[in-house]
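Since the structure comes first, as structure tokens, the remarks are kept for the end.
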Amino acid sequence: MEIPSKYSPNETEDRIYAMWLEKKVFKSTPNDKPAYTIVIPPPNVTGVLHMGHMLNNTIQDLLIRRARMRGFNACWVPGTDHASIATEAKVVQKLRKEGIKKSDLSRDAFMEHAWEWTHKHGGIILDQLKKLGASCDWDRTRFTMDPKYYESVIDCFIDLHKKGKIYRGERMINWDPAALTALSDEEVIHKEIQSKLYFLKYQIEGTSEFLTVATTRPETILGDTAVCVNPRDERYTHLHGKRVIVPLVNRSVPVIADEYVEIEFGTGCLKVTPAHDQNDFMLGEKYQLEVINMMNADGTISEAGGMYVGQERFAVRDQIAKDLDAAGLLAKTEEHLNKVGYSERTDVVIEPRLSLQWFVDMKDLSKPALENVMNDTIRFFPPKFKNSYRNWMENIKDWCISRQLWWGHRIPAFYAPDGSFEVAKNIEDAVAQFQTKGASWSASDLKQDEDVLDTWFSSWLWPIGVFDGFYSKEELDYYYPTADLVTAPEIMFFWVARMIVAGYEYVGNFPFKNVYYTGIVRDKQGRKMSKSLGNSPDPIELMQQFGADGVRVGMLLSSPAGNDLPFDESLCEQGRNFANKIWNAFRLVKSWEEKIDGSLEQPESSAIAVKWMNNRFEQVLVEMEDGYDKFRISEVLMQTYKLIWDDFCAWYLEMAKPSYGKGIDSKTYNDTLDIFQNLLKVLHPFMPFLTEEMWQHMDSWKSESEMICISNWPAAKTFEPNIQKDFEEFEQLVTEVRNVRKKQNLPNKEALVVSFMKTANRNSSFDAAFTHLCNISELNEVSEKMNPSFSFMVNGVEYFIPYTASVDVEAEQAKMKEELAYLEGFLKSVEAKLTNERFVNNAPAAVLDGERKKQSDALSKIAAIKEQLG
RNA sequence: GGGAGUUUAGCUCAGCUGGUUCAGAGCAUCUGCCUUACAAGCAGAGGGUCACUGGUUCGAACCCAGUAAUUCCCA
């Protein structure tokens with residue numbers, strides 16, 4: 001069978017993936033083997049694969065495939081997140097295009113549309129993951145709104161409410177006036193905006209004097225109920241206890257004094273609008289100020305504002321500035337760099353707003369989660385993220401979990417007409433609960449809370465919920481805690497921290513042992529990849545172009561944990577080239593199948609090559625295992641890359657390759673297959689398709705295991721460091737000879753004679769490989785230097801290759817002189833150290849010996865060159 | 001404003017306990033090759049004031065202090 005010289009992934013990948021699915025190799029059920037579990041960070045159900053997913057899931061697949069081969073019961077649980085805000089926004093948008101307004105629909109009708117949308121687009125992303133080679137147990141696919149999962153979320157809410165950890169309260173929250181919902185702090189993005197600072201004049205009551213207050217939001221004067229100064233600010237001590245008149249509004253408000261005010265900022269006077277600013281709210285509570293809510297939910301001015309009613313907030317800002325100016329109450333305006341909060345979802349300016357919301361009291365819940373990260377029970381990779389984790393957890397605030405949306409888990413609170421409420425699993429339970437309290441409401445009297453829960457309030461239960469852990473311990477006991485979590489640092493607080501909290505609260509144990517934080521995928525210019533910038537390549541197209549394996553390698557080549565990944569297609573190209581390189585090594589070895597000559601003995605050159613290659617494999621394997629333990633994925637990949645490309649292809653195969661037209665002995669052939677097999681195994685997690693395809697082509701491999709993905713990971717054995725040392729010497733020697741060939745333009749076909757100066761301790765272990773590889777006809781020992789000839793030193797032994805054709809003697813001598821000058825300078829610096837008494841007295845013996853060896857090596861090299869020069 | 005990080009070759013990054021793994025890797029570049037697995041390749045070569053300034057030490061890319069640039073998180 002003719003194997004093409006180019007590997008074509010497109011033909012292969014779908015076929016291989018179908019085989020894996022058919023043989024159910026990714027399926028996991030509890031058994032005697034130890035479990036190794038990963039739960040996927042569930043992507044948005046209607047999302048499409050982007051480069052961040054590619055990175056993330058490549059790493060997860062790599063870990064799970066390695067674990068599977070190492071004999072664990074590997075279980076990777078896939079699934080999707082209902083993503084309430086994002087999905088609802090998409091459905092609203094789609095309906096709008098059809099001319100339907102959300103407000104015209106009933107809740108049930110809207111939910112029908114949302115489900116339809118979910119069924120239509122849901123799962124696309126999971127199919128895309130299959131293209132990448134993701135070895136998930138697809139039978140376990142979960143969705144955060146599956147009936148069972150939904151129930152878990154509701155039960156969790158009820159439980160926390162019973163424990164007194166969930167409460168309803170009026171708080172200053174982040175309000176999104178476009179989506180008409182509350183947002184958690186984490187959903188607000190702060191941006192620096194060039195804005196104006198307005199200096200407003202407040203008349204001091206009963207005088208003709210004015211007080212100037214600086215503000216970035218002049219429209220909020222409609223809600224002013226005080227002016228605040230710092231008690232230490234001597235400019236304003238005379239105003240303590242006085243009252244001032246709010247400009248335009250003409251309301252009299254008190255002047256209060258509080259340390260909170262920054263003396264240096266603006267004029268040192270702060271207008272206090274308790275309903276529209278977090279800190280003002282705090283001042284309002286402290287000094288029992290009146291609260292005037294001057295804004296409607298959609299960002300227009302409310303009746304309570306008294307002026308500009310119904311007008312949009314930013315229009316009013318401009319208008320009020322003009323009106324103030326006209327009234328002579330605007331002292332001046334200044335340019336000002338301001339940080340403004342924007343909604344992550346709708347990108348409109350967030351309005352701090354007082355409203356009645358549901359909260360989780362996080363203070364006590366978060367304690368074990370903080371402790372067990374700090375003491376490394378749960379390990380973070382890279383550990384630097386422990387710092388920000390601690391910072392956040394130590395200052396944790398209550399979690400606002402209600403959202404004014406329909407798509408999601410509806411809050412299980414039922415309100416009676418008198419405003420009292422019960423938290424219950426369903427309306428019947430609520431009726432019963434009212435009854436026990438002596439309130440006899442019927443089901444038709446009660447109304448369920450209109451709001452749904454924050455999406456993260458469902459995904460924080462993910463590692464438990466995917467195993468139905470709230471209702472059955474069977475799978476939970478086996479799979480939980482999971483092994484590793486692979487995710488982006490951006491959602492450390494949204495998700496990772498809260499899963500840890502939930503894990504300790506509901507299972508009494510951590511949800512995962514290790515957390516690997518990936519970086520952010522950026523484009524060449526360092527910009528974050530985003531849809532709006534259009535700078536993100538389509539992963540599916542990339543995989544078509546370079547193969548899934550090529551893209552996987554491309555993603556992992558430069559992505560140490562926690563570092564951003566500056567993505568460049570050329571990395572995928574490197575991955576594709578690597579695939580092709582291996583493919584061709586396979587073609588070579590496969591071609592030997594027909595050249596086996598049973599009568600041949602294994603030549604010495606092949607014997608040493610096999611011995612070295614096996615030894616080298618062991619050496620690198622140890623380093624790789626160490627790298628895996630530390631999650632240094634890129635490093636492990638590079639080690640694998642060099643092991644295969646440099647050691648195996650460039651050196652081993654060249655040494656073992658039979659001479660032109662000759663057959664191959666069966667021992668070398670079989671040894672080569674064994675080596676190749678091990679290499680493919682350690683490569684498999686990185687390039688699953690390519691390795692499986694080759695495995696399927698080789699009967700002797702298939703006799704060990706039907707598929708490489710379920711074969712046994714090679715066990716680390718001991719390696720002999722001396723063999724590698726000898727090899728490196730041999731490598732130098734070969735390079736020197738190649739250089740001589742190049743200088744003289746001697747093709748490899750032409751045999752060479754090489755001589756070396758007689759020495760007691762010349763190492764000859766690789767001589768057979770050397771003469772085979774470099775086409776050396778004679779390797780002679782001589783007792784006198786040869787002239788004229790090229791000469792070079794390898795590990796203290798001087799080698800000679802006689803000049804053949806015309807050689808530029810002067811150029812050679814000039815080069816030698818350069819070398820001589822360098823060596824003499826080097827020697828000088830070494831000797832300076834050795835004559836420094838303090839160095840000799842303080843440095844450890846090993847370092848001293850090293851310096852002495854440097855000295856003697858330099859001396860002998862200098863002597864040799866001088867002799868050559870004549 | 002508070003906190004954390006980063007700065008080593010053209011690019012992306014290693015460099016773990018201060019000293020033979022000490023200035024490295026991959027890619028890119030340059031030179032020569034269609035050598036019977038592979039031009040998506042082979043062979044060879046060049047390339048660095050380890051951000052800057054000072055300190056500690058026999059010895060600093062590594063420890064300390066300061067400066068600069070830059071990234072992220074929080075408010």
Side-chain angles (χ1 to χ4, degrees), chain A residues 3-7 185-186 188 190 262 264-265 278-279 339 341 382 384-392 394-395 397 489-490 492-493 519-520 522 524 526 528 546-547 550 554 557-560 562-568 570-571 573-592 626-627 630 632 634-635 637-639 641-642 645-646 649-650 653-654 657-662 728 734-743 745 747-750 775 832-854 857:
Chain A
I3 306 175
S5 73
K6 300 257 190 293
Y7 170 63
D185 290 345
E186 290 75 22
V188 177
H190 294 271
E262 270 180 61
E264 289 77 22
F265 184 82
Q278 187 85 50
N279 297 306
K339 285 228 173 149
K384 67 176 178 189
F385 286 115
K386 281 166 74 179
N387 280 327
S388 32
Y389 181 83
R390 186 183 57 209
N391 221 299
W392 193 73
E394 280 177 350
N395 301 297
K397 284 186 249 142
E490 301 163 296
M492 181 161 70
F493 307 130
I520 296 165
R522 296 179 180 277
K524 269 192 251 184
K528 202 169 159 175
F546 300 106
L557 268 172
S558 79
S559 53
N563 271 26
D564 286 358
L565 172 93
F567 182 78
D568 188 333
S570 68
L571 292 166
E573 202 177 316
Q574 195 182 346
R576 179 200 61 183
N577 293 354
F578 184 42
N580 202 52
K581 181 72 187 177
I582 300 159
W583 184 249
N584 278 290
F586 180 69
R587 283 177 69 217
L588 174 69
V589 174
K590 188 83 181 154
S591 75
W592 292 350
D626 184 55
K630 294 172 179 151
R632 296 174 165 224
S634 302
E635 260 175 57
L637 173 57
M638 190 43 70
Q639 280 162 337
Y641 182 92
K642 287 195 280 189
W645 200 310
D646 298 344
C649 294
L653 287 179
E654 293 302 329
K657 197 193 259 182
S659 306
Y660 182 62
K662 300 270 172 58
E728 276 156 24
V734 171
T735 303
E736 293 285 5
V737 172
R738 281 173 178 163
N739 267 327
V740 170
R741 278 191 185 277
K742 194 170 184 186
K743 274 183 206 158
N745 225 344
N748 205 42
K749 277 181 207 156
E750 238 170 279
N775 194 12
K833 260 192 214 174
L834 286 170
T835 51
N836 181 342
E837 243 176 76
R838 287 197 291 178
F839 172 75
V840 177
N841 292 338
N842 289 308
V847 176
L848 263 178
D849 287 348
E851 292 299 318
R852 295 216 171 93
K853 183 160 189 317
K854 275 187 201 167
D857 282 358

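Protein chains get the first letters and strands the later ones, always in sequence-line order, with residue 1 at the start of each. Small disclaimer: the values here were computed from a predicted structure and weren't measured.
A/Asn580 contributes no side-chain N or O that, together with a main-chain N or O of A/Arg576, makes up a donor-acceptor pair within less than 3.5 Å. Side-chain atoms of A/Trp592 do not come within 3.5 Å of backbone N or O of A/Lys657 as any donor-acceptor pair.
When the nucleotides B/C42, B/A40, B/A4 are ranked by their closest atom to the side chain of A/Asn387, B/A4 comes out on top. Considering only side-chain atoms of A/Phe493, the nucleotide from B/A37, B/C73, B/C27 that sits closest is B/C73. Relative to the side chain of A/Thr735, the nucleotides B/A40, B/G44, B/A37 differ in distance, and B/G44 lies closest. Distances were taken from every side-chain heavy atom of A/Leu588 (C-beta onward) to each of B/A37, B/A75, B/G41; the shortest belongs to B/A37. The nucleotide whose nearest atom lies closest to any side-chain atom of A/Asn577 is, among B/G15, B/U36, B/G41, B/G41. Side-chain proximity of A/Ala650 to B/G41, B/C73, B/A43: nearest is B/A43. Of the candidate nucleotides B/A43, B/G3, B/G26, B/G26 has the atom nearest to the side chain of A/Met638.
Looking at heavy-atom distances under 4.0 Å, A/Tyr641 makes contact with sugar-phosphate atoms alone, never a base. At the heavy-atom level, A/Lys642 lies under 4.0 Å from the strands shown only through sugar-phosphate atoms.
A gap of 12 Å separates the P atoms of B/U7 and B/U12, to the nearest Å. Look at the P atom in both B/C62 and B/U6: the space between them is 14 Å, to the nearest Å.
Mapping A/Asn748 and A/Ser5 onto RNA chain B via the closest heavy atom, the residue that lands nearer the 5' end is A/Asn748.
Using a 90° window around 0 for the glycosidic torsion, B/U56 falls outside it and is classed as anti.
At a cut-off of 3.5 angstrom, the base of B/A37 holds at least one donor-acceptor pair with the side chain of A/Glu654.
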